[in-house]
Participant: 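Sharing a structure, written as structure tokens. Questions coming.
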Amino acid sequence: MTHVASLLICVGAFAALAMATERAQQDVLERTLSRDATRALRIIGWALLLTSLAIVVGAQGWGLGLVSYSGHTSVAAGLVFLGLIARQRRKG
């Protein structure tokens, strides 16, 4: 259950970090967000990544936890990236 929770949190984190970029905002929302909203998305993204790290390390210790966390972040970043590509292809 720790792996699923960590992966979902990482997906949310990378989605927030992606939406903090002007390109993703234009592609998804067709407008750019305010500086405050963009800053909030960055803070939320990084906070979620730290939360996921705390969950995994708390459950598995530093040795195995960091390895699991690395895998979760890699898969989550890939899923968000593929989602953005799929969205762009459907749109255009």
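What's counted below: heavy atoms across the whole structure, side chains too, no hydrogens, waters or symmetry copies.
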Participant: Only distances under 3.5 Å count here; give the side-chain donor-acceptor pairs of residues 43-56 to other protein atoms, sequence neighbours excluded, each with its distance to 0.1 Å.
Facilitator:
unit_1: Thr51; atom_1: OG1; unit_2: Ala47; atom_2: O; d: 2.8
unit_1: Ser52; atom_1: OG; unit_2: Ser6; atom_2: O; d: 3.4
unit_1: Ser52; atom_1: OG; unit_2: Ser6; atom_2: OG; d: 2.6

Participant: With sequence neighbours left out, write down each residue that passes side-chain contact (heavy atoms from CB on, under 4.5 Å) with Leu8, or none if nothing qualifies.
Facilitator: Val4
Participant: What residues form a salt bridge (Lys or Arg N to Asp or Glu O under 4.0 Å) with Arg42, not counting sequence neighbours?
Facilitator: none
Participant: Among pairs that include at least one residue of residues 2-38, which meet ring pair (Phe, Tyr, Trp, His ring centres under 6.0 Å), considering only residues two or more places apart or in two chains?
Facilitator: His3-His72
Participant: List the residues meeting side-chain hydrogen bond (donor to acceptor under 3.5 Å, both in side chains) with Thr73, not counting sequence neighbours, and say none if there are none.
Facilitator: none
Participant: Kindly work out whether a path of hydrophobic side-chain contacts (I/L/V/M/F/W/Y, heavy atoms less than 4.5 Å apart) joins Val75 to Leu17.
Facilitator: yes
Participant: Donor-acceptor pairs are to be reported for all side-chain atoms of residues 24-31 against protein atoms at under 3.5 Å, with residues two or more places apart or in another chain.
Facilitator:
unit_1: Gln25; atom_1: OE1; unit_2: Leu33; atom_2: N; d: 2.8
unit_1: Gln25; atom_1: NE2; unit_2: Met19; atom_2: O; d: 2.9
unit_1: Gln25; atom_1: NE2; unit_2: Thr38; atom_2: OG1; d: 3.2

Participant: Looking at every heavy atom in both Ala15 and Val80, which two are closest together, and how far apart are they?
Facilitator: N-CG2, 3.8 Å
Participant: To the nearest 0.5 Å, what is the distance between CG on Leu7 and OG on Ser68?
Facilitator: 11.5 Å
